[in-house]
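Numbers here are sequence positions counted from 1. As the structure is a prediction and not an experimental result, all values here were calculated from the model. In listed order, ligands and their atoms are each counted from 1.
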Amino acid sequence: MYDYTIIGAGIIGSLIARELSKYDIKVCVLEKENDVANVQTRANSAIVHSGHDPKQGTLKAKLAVWGNELFEDLEKELSISLLRTGAYVCAHDQNEEKMLDDLYQNARLNNVKEMKLLDYKEALIEEPNLSPTITKVLSLPTTKVCFPWEVAFFALENAIKNGVELKRNAKVTDISKINDNYIIKINNQEELLTKNIINATGVYTDDIAKMVNKNIDFKITPRKGEYFVLDKSVKGFINHVLYPLPSKKGKGVLITPQVHGNILLGPTSEFTDNKDDISTSMNGLAYLKEHVSSLASNIPFQLVIRSFSGIRATSTYEDFYIKEDESNQGFYHVAGIDSPGITAAPAIAKYLVNDIIKLNLPEKTNYNPILQKKIVFKDLSDQEKKTKQKENPLYGRIICKCEDITEQEIIDAIKGPLGSQTIKGIKKRARAGSGLCQGGYCESLVLKIIARETNTPLNEINYDQLDTPILLKETKVK
Ligand SMILES: Cc1cc2nc3c(=O)[nH]c(=O)nc-3n(C[C@H](O)[C@H](O)[C@H](O)COP(=O)(O)OP(=O)(O)OC[C@H]3O[C@@H](n4cnc5c(N)ncnc54)[C@H](O)[C@@H]3O)c2cc1C
C-alpha cells in the first residue's frame with residue numbers, strides 16, 4: 001500500500017515526487033511511456049518565463065513568478081543547466097506599443113522584477129539582428145532557458161535516491177475505490193493499492209479524472225505547436241528570447257536560444273482532436289517561417305536541422321486546475337498545465353503539497369536535496385580532460401562527433417536509477433544524436449554500446465517505446 005501514487009512522470013509529476021520524497025511516506029510514480037519526460041515535457045520552448053503575461057490574480061501568474069525564482073534553487077541543488085538570456089517582447093507600431101504598455105502594467109502587478117521599456121535603438125545594442133520593423137520592446141531580464149528533460153530526470157533521480165519508486169511502461173487503465181483507498185489498474189492487469197492519487201497526466205488529465213468523477217468540470221482541448229531547430233553554429237545570432245505581443249493564441253511564434261547553443265523557432269498554435277499527434281505539417285512550418293521573420297532580420301533558415309511538434313494540455317478552465325476532486329477525498333488533479341507549466345513546475349509541486357494537500361509532516365532526517373553533478377566531458381578544462389582520460393580511457397573515445405560525447409557518458413546514461421536502454425533515451429540524457437547529423441554517424445555505435453552494456457541482442461534494442469527495434473534481422477551471410 002502506497003501513501004501517494006503520482007500518475008505521470010513529466011516535469012510536474014517528477015517535481016511533485018521530489019517534494020514528497022522529503023517526508024517519511026511511501027510514494028510511487030506510474031508512467032505509461034518507456035521513459036520519463038516523453039510527452040509535453042519533451043517538446044516545448046524550454047523558457048523559464050518571467051511571469052509577465054498571465055492575467056494578474058490567476059494561479060498561472062502567481063506560480064510562474066514563484067517558479068522562476070525557484071529555478072535558482074534547482075540549479076544549486078540538482079545542477080540543472082540554466083541560461084540567463086533575458087527576453088524582449090517586441091512591438092511594431094503605435095497600436096502594439098499601447099499593448100506593450102498594458103503588458104508592462106500586468107507584469108508589474110504580477111511582481112515581475114527588473115523590467116524596462118526600451119526604444120528600438122536601445123534594444124539594438126544587445127540584439128543587432130533585431131528586425132528594423134520593431135519600434136519598442138519590453139525587456140524582461142529574469143527570463144531564463146532550461147533543459148526541461150534534464151529538470152525532470154534530475155528531480156526524479158533525486159526523488160528515487162530519497163526513496164520514491166518509479167514504474168515505467170505502467171499505463172493506468174482504471175481506478176476504483178475500496179473503503180477510503182484506491183485500487184489502480186495498470187495495463188489492464190496488475191493492481192496497486194494507494195491511499196492518495198495525484199493526477200499529473202498532462203493532456204490525459206481529463207480522461208484520468210473521469211475514471212473517478214464523470215462530472216469533472218474541466219476538459220483538455222489539446223493545442224499543437226510546431227518548431228524548427230537551428231544548428232548550434234547559429235549561437236549568438238540572437239541572445240535574448242524574442243516574443244511578439246501575446247494574443248488569444250498564446251505567446252506567439254518566438255525565437256529562443258537554447259542551453260546547448262541551438263536556437264528554436266516556434267511554436268505555432270493550432271487546436272487538434274488528437275492528443276497524440278506530434279507530426280509537423282507544411283502549413284504549420286510555413287506559418288512559422290512567415291511570422292518569426294517579424295522578430296529578426298536574415299534568420300539563417302539554411303541551418304535548420306530538425307522540425308518537431310508538441311501538444312499543450314490547454315483546458316476549458318483557462319487557468320491551472322490544481323485541486324482535490326470534489327467527490328473523491330485524497331484524489332488530486334494537477335491539470336490544464338500548459339504554458340507556463342515548465343516555469344511554474346517547482347512552484348506547482350510546493351503549492352500542491354503545502355497548500356492543497358496540506359501535508360503537515362516533519363521533514364525526514366536523511367532527506368538529501370543534492371544531486372551530484374554529472375560529468376559533461378566537453379565542459380571540462382583541458383587539464384581536467386587529461387586527468388579523466390588517464391583514469392578512464394573511455395573518456396578518450398568520442399562517440400557523437402557533432403556534440404563531442406564520449407563513450408563513458410553514453411554508459412553513464414545507460415546506467416543509474418533513471419538510466420535508459422533506448423536510442424532516444426540516450427539522446428535525451430547524453431545528447432548523442434542531437435547535432436548536425438541527427439544520429440547518422442553515432443546511432444549505430446550507441447546501439448552497440450547499449451547491447452554490450454546490457455547484454456542484450458542488437459535486434460532487441462528499441463528506438464523508444466517497447467517493440468520499436470531498429471534492427472530487424474541479419475541480411476548478410478558472414
Ligand atoms: C509547444 C509547447 C511549448 C511550450 N513552451 C513552454 C515554455 O517555453 N515554458 C513553459 O513554462 N512551458 C511551456 N510549455 C508547457 C509545458 O511544456 C508543460 O506545461 C509541461 O511540460 C507540463 O508537464 P506535465 O508533467 O504536466 O505533462 P507531461 O510532460 O505531458 O507529462 C504527463 C505524463 O503523464 C503520462 N501519462 C498520461 N496518461 C497516463 C496514464 N494513463 N498512465 C500513466 N501515465 C500517463 C504521460 O506519458 C506523460 O509522461 C509548452 C508546451 C508546449 C506543448
Side-chain angles (χ1 to χ4, degrees), residues 5-17 29-51 53-54 60 63-64 67-68 71 87 143-146 148-149 151-152 155-156 166-175 184-188 197-209 211 220 222-227 241 243 250-251 253-254 256 258 264 266-270 272 275-276 278 284 288 308-315 320-322 333-349 465:
T5 299
I6 302 165
I7 315 176
I11 195 168
I12 301 295
S14 301
L15 279 159
I16 293 171
V29 182
L30 301 176
E31 172 51 57
K32 72 172 166 55
E33 301 277 309
N34 196 8
D35 201 3
V36 169
N38 230 15
V39 189
Q40 259 193 115
T41 304
R42 178 193 60 84
N44 54 72
S45 306
I47 304 168
V48 180
H49 299 287
S50 63
D53 69 321
K60 281 190 178 181
L63 298 180
N68 178 299
F71 262 86
T143 308
K144 313 174 246 263
V145 175
C146 69
W149 313 341
V151 179
L156 198 49
L166 166 70
K167 293 180 197 285
R168 304 185 224 195
N169 298 305
K171 180 174 180 176
V172 172
T173 46
D174 194 21
I175 301 172
I184 299 182
K185 194 155 240 181
I186 302 171
N187 299 327
N188 288 315
I197 293 181
I198 297 167
N199 172 14
T201 52
V203 286
Y204 286 98
T205 39
D206 52 351
D207 300 291
I208 294 288
M211 289 180 185
I220 299 296
R223 207 157 40 92
K224 192 201 266 195
E226 300 184 27
Y227 289 92
V241 174
Y243 301 97
K251 292 184 182 65
V253 177
L254 326 173
T256 310
Q258 297 291 292
L264 287 189
T268 57
S269 175
E270 289 301 325
T272 164
K275 292 180 172 180
D276 298 318
I278 50 163
L288 191 166
F308 69 92
S309 81
I311 304 277
R312 303 170 182 87
T314 303
S315 90
F320 292 156
Y321 186 103
I322 307 173
H333 303 291
V334 188
I337 312 294
D338 56 356
S339 186
I342 297 290
T343 310
I348 289 175
Q465 312 287 1

Enquirer: Would you mind telling me if ligand 1 is within reach of the side chain of His49, the backbone, both or neither, using heavy atoms under 4.0 Å?
Expert: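 It is the side chain that touches ligand 1; the backbone stays farther off.
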Enquirer: What atoms in ligand 1 come closer than 4.0 Å to a heavy atom of Lys171?
Expert: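 Those atoms are 41 (N), 42 (N).
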Enquirer: Keeping the roles fixed (side chain from Ser269, backbone from Arg223), state whether a donor-acceptor pair exists under 3.5 Å.
Expert: no
Enquirer: Rounded to the nearest 0.5 Å, how far apart are CD1 of Ile6 and CD1 of Ile198?
Expert: 5.0 Å
Enquirer: Within the distance-only criterion (no hydrogens, no angle test), does the side chain of Asn44 pair as donor or acceptor with the backbone N or O of Gly310 below 3.5 angstrom?
Expert: no
Enquirer: Roughly how far, to the nearest 0.5 Å, is the CD1 atom of Ile184 from the CD1 atom of Ile186?
Expert: 6.5 Å
Enquirer: Mind checking whether Lys275 and Asp206 have side chains closer than 4.5 Å, heavy atoms only?
Expert: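 Result yes, sub-4.5 Å side-chain heavy-atom pair found.
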Enquirer: Could you tell me, atom by atom, which parts of ligand 1 come under 4.0 Å of a heavy atom of Ala170?
Expert: 42 (N), 43 (C)
Enquirer: To which protein heavy atom is atom 29 (O) of ligand 1 closest, and what is the distance rounded to 0.1 Å?
Expert: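 Nearest neighbour among protein heavy atoms for atom 29 (O) of ligand 1, to 0.1 Å: Thr41 OG1, 2.5 Å.
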Enquirer: Is Pro148 close enough to touch ligand 1? Criterion: a residue heavy atom under 4.0 Å from a ligand atom.
Expert: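 For ligand 1, residue contact (heavy atoms, under 4.0 Å) with Pro148 is absent.
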Enquirer: Any idea which protein heavy atom is nearest atom 40 (C) of ligand 1, and the distance to it?
Expert: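 Of every protein heavy atom, Val172 N, 3.7 Å lies nearest to atom 40 (C) of ligand 1.
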Enquirer: Write down the atom of Val48, the atom of Thr343, and the distance for their closest heavy-atom approach.
Expert: CA-OG1, 3.6 Å
Enquirer: Quick one: does any side-chain atom of Thr205 pair with a main-chain N or O of Thr201 as donor and acceptor, under 3.5 Å?
Expert: no
Enquirer: Any idea which atoms of ligand 1 are less than 4.0 Å away from a heavy-atom of Glu33?
Expert: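 Near Glu33, the atoms of ligand 1 are 47 (O).
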Enquirer: Just by distance, do the side chain of Ser50 and the backbone of Thr143 share a donor-acceptor pair under 3.5 Å?
Expert: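 Absent.
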Enquirer: Would you indicate which of Ala200, Ser14, Ala313 comes nearest to atom 32 (C) of ligand 1 when only heavy atoms are counted?
Expert: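 Going through Ala200, Ser14, Ala313 one by one, Ala200 has the nearest heavy atom to atom 32 (C) of ligand 1.
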Enquirer: Between Thr173 and Lys185 (side chain of the first, backbone of the second, donor and acceptor by atom type, cut-off under 3.5 Å), is there such a pair?
Expert: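 Side chain of Thr173 to backbone of Lys185, a donor-acceptor pair under 3.5 Å: yes, one is there.
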Enquirer: Purely on distance, is any nitrogen or oxygen of Gly225 under 3.5 Å from one on ligand 1?
Expert: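 No; the residue has no nitrogen or oxygen that sits under 3.5 Å from a nitrogen or oxygen of the ligand.
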Enquirer: Looking only at distances, please establish whether an N/O atom of ligand 1 is found under 3.5 Å from an N/O atom of Ile208.
Expert: no
Enquirer: Ignoring angles and geometry beyond distance, decide whether Ile47 reaches within less than 3.5 Å of ligand 1 through its nitrogen or oxygen atoms.
Expert: yes
Enquirer: Just jot down the ligand 1 atoms closer than 4.0 angstrom to any heavy atom of Pro340, in number order.
Expert: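 Numbered from 1, ligand 1 contributes 10 (C), 11 (O), 12 (N).
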Enquirer: Considering non-hydrogen atoms of the protein only, which is the closest contact for atom 52 (C) of ligand 1, and what is the distance?
Expert: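 Here the nearest protein heavy atom works out to Arg312 CG, 3.5 Å.
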Enquirer: Give me the residue, atom name and distance of the protein heavy atom closest to atom 1 (C) of ligand 1.
Expert: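 Result: Tyr227 OH, 3.5 Å.
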Enquirer: Give the numbers and elements of all ligand 1 atoms closer than 4.0 Å to a heavy atom of Gly202.
Expert: 27 (O), 32 (C)
Enquirer: With heavy atoms of Ile337 as the reference, note each atom of ligand 1 found under 4.0 Å away.
Expert: 18 (C), 19 (O), 22 (C)
Enquirer: Backbone or side chain, does any N or O of Val203 fall under 3.5 Å from an N or O of ligand 1?
Expert: no
Enquirer: Please step through side-chain contact (heavy atoms from CB on, under 4.5 Å) for the pair Val145 and Gln258, ending with a clear verdict.
Expert: CA-CA 6 Å; Val145 175; Gln258 297 291 292; 4.1 Å; yes
Enquirer: Do Thr343 and ligand 1 have an N or O pair less than 3.5 Å apart?
Expert: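 It does: an N or O of Thr343 is found under 3.5 Å from an N or O of ligand 1.
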Enquirer: Pairs of nitrogen or oxygen atoms closer than 3.5 Å, one from Ala37 and one from ligand 1: do any exist?
Expert: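 No, since none of the N or O atoms of Ala37 sits under 3.5 Å from an N or O of ligand 1.
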Enquirer: What is the nearest protein non-hydrogen atom to atom 5 (N) of ligand 1, stated with its residue, atom name and distance?
Expert: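 Here the closest protein heavy atom is Ser45 N, 3.3 Å.
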Enquirer: What distance do Glu226 atom CD and Ile278 atom CD1 have between them, rounded to the nearest 0.5 Å?
Expert: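 Here the interatomic distance stands at 11.5 Å.
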Enquirer: For the backbone of Asp35 and the side chain of Glu33, can you confirm whether one donor and one acceptor N or O come within less than 3.5 Å of each other?
Expert: no
Enquirer: Just distances here: any N/O of Asn38 and N/O of ligand 1 closer than 3.5 Å?
Expert: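 No, there is no polar N/O contact under 3.5 Å.
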Enquirer: CG/Asn38 to CD/Gln465 distance, rounded to the nearest 0.5 angstrom?
Expert: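 Asn38 CG to Gln465 CD: 6.0 Å, rounded to 0.5 Å.
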Enquirer: Looking only at protein heavy atoms, which one is nearest to atom 4 (C) of ligand 1, and what is the separation?
Expert: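 Residue, atom and distance for the closest contact: Asn44 CB, 3.2 Å.
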Enquirer: How close do Ser45 and Pro267 get, heavy atom to heavy atom, and via which atoms?
Expert: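 So the minimum-distance heavy-atom pair works out to OG-CD, 3.8 Å.
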Enquirer: Nearest 0.5 Å, what's the CG-NZ distance between Asn187 and Lys167?
Expert: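 The distance works out to 11.0 Å.
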Enquirer: Where is the tightest heavy-atom contact between Phe320 and Asp338, given as atom of each residue plus distance?
Expert: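 Taking Phe320 first and Asp338 second, the nearest heavy atoms are CE2-O, 3.5 Å.
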Enquirer: Quick check on contacts: which atoms of ligand 1 are under 4.0 angstrom from a heavy atom of Leu30?
Expert: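 Under 4.0 Å from Leu30, ligand 1 has these atoms: 43 (C), 44 (N).
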Enquirer: For ligand 1, which is the ligand I care about here, please tell me if Tyr204 has any N or O atom under 3.5 Å from one of the ligand's N or O atoms.
Expert: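 Tyr204 vs ligand 1: no N/O contact under 3.5 Å.
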Enquirer: For atom 18 (C) of ligand 1, what's the nearest protein heavy-atom neighbour? Residue, atom name and distance, please.
Expert: Gln40 OE1, 3.3 Å
Enquirer: Taking heavy atoms and a distance under 4.0 Å, where does Ala344 meet ligand 1: side chain, backbone, both or neither?
Expert: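 Neither part.
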Enquirer: How far is atom 31 (O) of ligand 1 from its nearest protein heavy atom, and which residue and atom name does that atom have?
Expert: Gly10 CA, 3.4 Å
Enquirer: How close do Gln40 and Gly202 get, counting heavy atoms only, and between which atoms?
Expert: NE2-CA, 4.0 Å
Enquirer: Check Asp207 against ligand 1 and report side chain, backbone, both or neither, counting heavy atoms closer than 4.0 Å.
Expert: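 Neither; nothing of Asp207 gets under 4.0 Å from ligand 1.
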Enquirer: Looking at Gly8, which atoms of ligand 1 are within less than 4.0 Å of one of its heavy atoms?
Expert: 33 (C), 34 (O), 35 (C)
